[in-house]
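This report refers to the structure that appears directly beneath it.
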Number of protein chains: 2
Amino acid sequence: MEKRQKVILKEAISNYIQSAEPVGSKLLVEKLNFSVSSATVRNELKLLETLGFLKQVYTSSGRIPTDEGYRWYVDFLEGSNGLASVAPVNAQLEMIAVQKVKNTLNHVAKVMSSLMDYTAIVLTPDIYKMALKVVHMVLLDLNKVLVVLLNKLGDNQEFVFNLRQRMSQDDLNKVSQIITAKMEGLPFFESSDFVLRHLVKEFPNYASVFEVLSKEVERLSSFHKTSESINVHGVSKMIQLPEFKNVEMTKNVLTELEENRFLTELISSHIFGDDDGVVIGKEFNNEKLEDCSLVISPVKSGGVQAGAIGVLGPKRMKYSYVIPLVKQISDQVQHYISDQDGI
Amino acid sequence: MEKRQKVILKEAISNYIQSAEPVGSKLLVEKLNFSVSSATVRNELKLLETLGFLKQVYTSSGRIPTDEGYRWYVDFLEGSNGLASVAPVNAQLEMIAVQKVKNTLNHVAKVMSSLMDYTAIVLTPDIYKMALKVVHMVLLDLNKVLVVLLNKLGDNQEFVFNLRQRMSQDDLNKVSQIITAKMEGLPFFESSDFVLRHLVKEFPNYASVFEVLSKEVERLSSFHKTSESINVHGVSKMIQLPEFKNVEMTKNVLTELEENRFLTELISSHIFGDDDGVVIGKEFNNEKLEDCSLVISPVKSGGVQAGAIGVLGPKRMKYSYVIPLVKQISDQVQHYISDQDGI
DNA sequence: TTTAGCACTCTGCTATCAACAGTGCTAATC
DNA sequence: GATTAGCACTGTTGATAGCAGAGTGCTAAA
């Protein structure tokens with residue numbers, strides 16, 4: 001592609017992103033201060049159409065970008081330094097200090113959604129894959145035990161279960177030590193089934209606790225697997241955008257946001273891949289989201305996956321703003337999380 | 001109002017609820033197997049319109065209910081035994097056993113939304129008003145402390161804070177005992193500021209912990225006050241209903257569901273009132289919700305407020321199904337919660 | 001009190017038309 | 001060979017009109 005074509009394509013796409021109106025040759029000549037006529041631009045546009053970057057809404061309408069067009073645009077922005085640098089958003093993020101990672105990320109999503117008209121998404125840590133650091137068990141009530149799992153990330157997670165027989169806090173301390181010794185470094189929910197069964201035999205006097213705990217963890221796992229680990233903010237602003245006049249599309253997108261299994265898996269898988277973290281239209285491989293785009297950035301802390309933040313909007317998204325914003329915020333959050341854990 | 005008028009009004013409203021189409025005199029005669037002509041029904045309809053229960057969409061269209069009409073209808077259903085009895089929904093609710101109340105209620109909302117096309121809302125317990133039973137503090141890390149608040153309801157809530165100086169678990173146990181002794185029965189977040197300041201003087205050797213804790217609680221309070229205590233399921237199904245063709249209305253409702261302060265307060269206040277738990281259209285005193293209705297039922301456990309479940313839908317809601325359903329489910333949940341706490 | 005009959009009103013759909021934005025093509029020009 | 005002016009052509013959009021249909025309100029009779 002020649003330089004002029006690139007300039008025209010870029011201008012056409014960024015114009016459409018702004019106006020949501022198909023752009024024509026005349027407008028482009030004006031915007032670009034070109035010394036060529038609209039007819040020349042028309043020829044170029046036609047070429048860009050055969051290349052698959054632009055399309056017409058109807059015969060002899062102006063052009064709008066195809067998915068491939070957006071993809072080229074995003075790659076172009078990322079290649080050249082077309083991405084605006086975004087000022088840190090300290091002010092609103094400051095209150096996030098000491099918090100559980102999950103709460104922190106949810107708050108971040110709220111702040112982020114206030115900075116644009118799209119939907120902010122956070123994926124909170126996958127507790128199943130987290131390496132255990134230490135287990136604490138606290139006797140809350142006569143027979144109610146709070147289990148606190150502290151992972152290597154410095155983040156904690158709790159759940160409660162009922163004992164069948166009375167135990168003292170001292171006993172629970174011993175049990176906690178036993179479990180910690182066996183499971184340190186392992187992902188708790190994935191390994192506990194095997195380990196606990198083993199412990200039942202090894203420590204017959206605590207067999208009852210291990211059995212109950214084992215069953216409880218199993219039950220919790222199946223419950224957690226079906227429950228949300230995704231959090232969403234700013235839907236109401238997004239659906240005011242012109243593309244959401246289409247009720248069918250709106251319905252589809254909201255459905256995917258509510259029954260979030262697809263998005264959860266997509267984001268999870270993208271976190272570990274090494275792509276640019278932008279998914280455009282058909283790249284979702286999901287009809288319900290084919291009019292949308294998603295910008296994702298993982299949040300790590302001390303080399304461990306702490307979660308991810310992302311932005312879902314129409315394909316006609318202000319990539320030049322959103323991409324650096326998401327990166328900026330994920331960087332900041334990473335610092336906050338690392339700081340508070342002293343890693 | 002005479003009997004025939006009541007029959008006509010009831011039939012008109014329930015018909016509109018089913019069809020979403022204005023109902024006319026001819027249709028009513030058919031449906032009711034009346035031995036009178038459509039002209040007679042027309043006269044009655046006119047009367048019902050002057051009484052304020054029905055209105056026309058335009059001159060000489062069929063009738064649709066006014067807010068007052070819906071109100072009459074709901075009161076009528078509740079007065080007569082027009083409310084269908086709903087079979088218990090044990091199957092899906094069984095997995096909720098030992099869980100924190102918050103998780104339980106969220107799960108219930110999901111199940112409930114699967115039973116209809118409206119939005120299920122749950123309000124989780126207001127931690128600010130809960131009477132404290134006991135405080136546990138657990139040393140998680142070198143300087144990280146997990147605070148566990150157990151309330152009279154048997155429900156627990158945790159938060160984490162960082163110590164300024166090293167302390168042993170033994171010290172923390174003492175501190176926990178001191179706080180528990182002072183604050184038992186009080187609402188923790190509302191009282192802790194005052195109590196903790198006092199403890200700083202009373203126990204100089206623990207002054208530092210009490211100070212840090214005090215600041216932390218203050219920070220957490222302001223954070224929690226702005227955070228959600230509401231949870232929502234089934235929006236995507238609801239917006240497929242014909243009333244949500246109107247984009248403006250959809251936008252309004254989604255906004256209120258996202259920035260849920262209004263709904264949160266409304267539901268909270270209704271929990272303690274002694275009305276029937278149905279809010280219709282203008283009764284919201286909120287323009288954004290004036291095309292909606294809300295059915296709420298509180299969830300109590302051992303005399304204490306544990307939260308609330310509700311259903312938000314269009315005014316044209318299947319009250320005869322939703323009202324008993326919500327009550328049925330809230331009863332069931334109440335039993336589950338009470339059972340698990342052994343109260 | 002009820003009803004048949006009729007004029008009247010407003011919607012919702014379809015067709016038609018003009019304005020217009022923008023294209024594609026051709027032939028002329030640099 | 002690249003560029004451009006000119007023009008015919010295409011499809012959208014918005015306004016307007018016409019028409020069938022559903023449903024009412026009113027009147028006069030039963």
Side-chain angles (χ1 to χ4, degrees), chain A residues 1-9 11-16 18-66 69 242-243 245-247, chain B residues 1-9 11-16 18-66 69 242-243 245-247:
Chain A
M1 214 182 341
E2 281 174 29
K3 191 182 169 190
R4 190 173 65 190
Q5 285 155 20
K6 289 185 187 172
V7 174
I8 289 176
L9 181 54
E11 186 63 25
I13 296 179
S14 69
N15 246 283
Y16 179 71
Q18 269 214 325
S19 66
E21 298 285 330
V23 322
S25 54
K26 204 171 138 199
L27 184 77
L28 283 171
V29 173
E30 270 176 39
K31 288 271 176 179
L32 287 167
N33 275 354
F34 262 13
S35 53
V36 296
S37 77
S38 66
T40 309
V41 174
R42 271 204 295 285
N43 290 332
E44 300 283 40
L45 286 175
K46 180 142 210 190
L47 187 78
L48 289 167
E49 186 168 352
T50 63
L51 288 175
F53 294 127
L54 296 175
K55 67 183 172 191
Q56 292 178 294
V57 185
Y58 53 89
T59 332
S60 80
S61 79
R63 260 81 176 193
I64 67 172
T66 61
E243 13 273 289
K245 288 245 167 68
N246 181 339
V247 185
Chain B
M1 210 177 352
E2 282 174 29
K3 192 184 168 189
R4 190 173 64 190
Q5 285 155 20
K6 287 185 187 173
V7 175
I8 290 176
L9 181 53
E11 186 63 23
I13 296 178
S14 69
N15 247 285
Y16 180 70
Q18 270 215 323
S19 67
E21 298 286 331
V23 322
S25 54
K26 205 171 139 200
L27 184 77
L28 282 170
V29 173
E30 271 176 41
K31 288 270 175 181
L32 287 168
N33 276 353
F34 262 14
S35 52
V36 295
S37 77
S38 65
T40 310
V41 176
R42 272 205 294 285
N43 289 331
E44 299 285 38
L45 286 176
K46 180 144 209 189
L47 188 77
L48 289 167
E49 184 167 355
T50 62
L51 288 176
F53 294 128
L54 296 174
K55 67 183 172 189
Q56 292 177 292
V57 186
Y58 53 88
T59 333
S60 81
S61 78
R63 261 79 176 195
I64 67 173
T66 60
E243 12 272 290
K245 289 243 167 68
N246 181 339
V247 186

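Here is how names work: the chains are called A, B, and so on, in the same order as the sequence lines, proteins then strands, and each is numbered from 1.
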**Message:** Whether the side chain of B:Gln18 engages the backbone of B:Asn15 through a donor-acceptor N/O pair (distance < 3.5 Å, no angle test) should be reported.
**Reply:** no
**Request:** Specify the separation, in whole Å, of atom CG of B:Leu54 and atom P of D:dG23.
**Result:** 15 Å
**Message:** Please report the distance, rounded to the nearest Å, between CG in B:Leu48 and C1' in D:dG23.
**Reply:** 16 Å
**Asked** Checking only heavy atoms, does the side chain of A:Thr40 share a donor-acceptor pair with the base of D:dT3 at less than 3.5 Å?
**Response** no
**Asked** If you look at every strand shown and take non-hydrogen atoms under 4.0 Å, does B:Ser25 touch a base, only sugar-phosphate, or nothing?
**Response** sugar-phosphate
**Item:** Rounded distance (Å) that lies between atom C1' of C:dG22 and atom CG of A:Leu45
**Value:** 11 Å
Only distances under 3.5 Å count here; give the side-chain donor-acceptor pairs of residues 47-61 of chain A to other protein atoms, sequence neighbours excluded, each with its distance to 0.1 Å.
residue : atom : partner : partner atom : Å
A:Glu49 : OE1  : A:Arg63 : NE           : 3.0
A:Glu49 : OE1  : A:Arg63 : NH2          : 2.8
A:Thr50 : OG1  : A:Leu47 : O            : 2.6
A:Gln56 : NE2  : A:Ser61 : O            : 3.0
A:Ser61 : OG   : A:Val57 : N            : 3.1
A:Ser61 : OG   : A:Tyr58 : N            : 3.4
A:Ser61 : OG   : A:Tyr58 : O            : 3.2

**Item:** N or O in side chain of B:Ser37 less than 4.0 angstrom from C:dT3 OP1/OP2
**Value:** yes
**Request:** Please name the residue in the list A:Thr40, A:Val7, A:Leu28 that meets the side chain to side chain contact (heavy atoms under 4.5 Å, CB included) test with A:Phe34.
**Result:** A:Val7
**B:Leu28 CG - C:dT3 C1' separation (whole Å)** = 17 Å
**Request:** Find the distance B:Lys26:NZ to C:dC6:C1' and express it as a whole number of Å.
**Result:** 16 Å
**Request:** Report the distance from atom OG of A:Ser25 to atom CD of A:Glu30, rounding to the nearest 0.5 Å.
**Result:** 10.5 Å
**Separation of atom CD in A:Glu21 from atom C1' in D:dG11, rounded to whole Å** = 15 Å
**Prompt:** Looking at the side chain of A:Arg63, which of C:dG24, C:dT9, D:dG25 is the nearest nucleotide?
**Reply:** C:dG24
**Asked** NA contact type, B:Lys46, heavy-atom cut-off 4.0 Å: base, sugar-phosphate, or nothing?
**Response** sugar-phosphate
**Item:** Proximal nucleotide (of D:dG25, C:dT2, C:dT23) relative to the A:Gln56 side chain
**Value:** C:dT23
**Message:** Pick the closest DNA chain C nucleotide for B:Thr59 and for B:Asn43 by heavy atoms, then say which residue is nearer the 5' end.
**Reply:** B:Asn43
**Request:** May I have the distance from A:Glu44 (atom CD) to C:dT23 (atom C1'), rounded to whole angstrom?
**Result:** 15 Å
**Message:** I want to confirm an ordering. Mapping B:Tyr58 and B:Val36 to their closest nucleotides on DNA chain C, which one lands closer to the 5' end?
**Reply:** B:Val36
**Message:** Using modelled atom types and a 3.5 Å cut-off, is there a donor and acceptor pairing between side-chain atoms of A:Glu11 and backbone atoms of A:Ile8?
**Reply:** no
**Message:** Without decimals, in angstroms, what is the distance between B:Arg42 CZ and C:dT3 C1'?
**Reply:** 10 Å
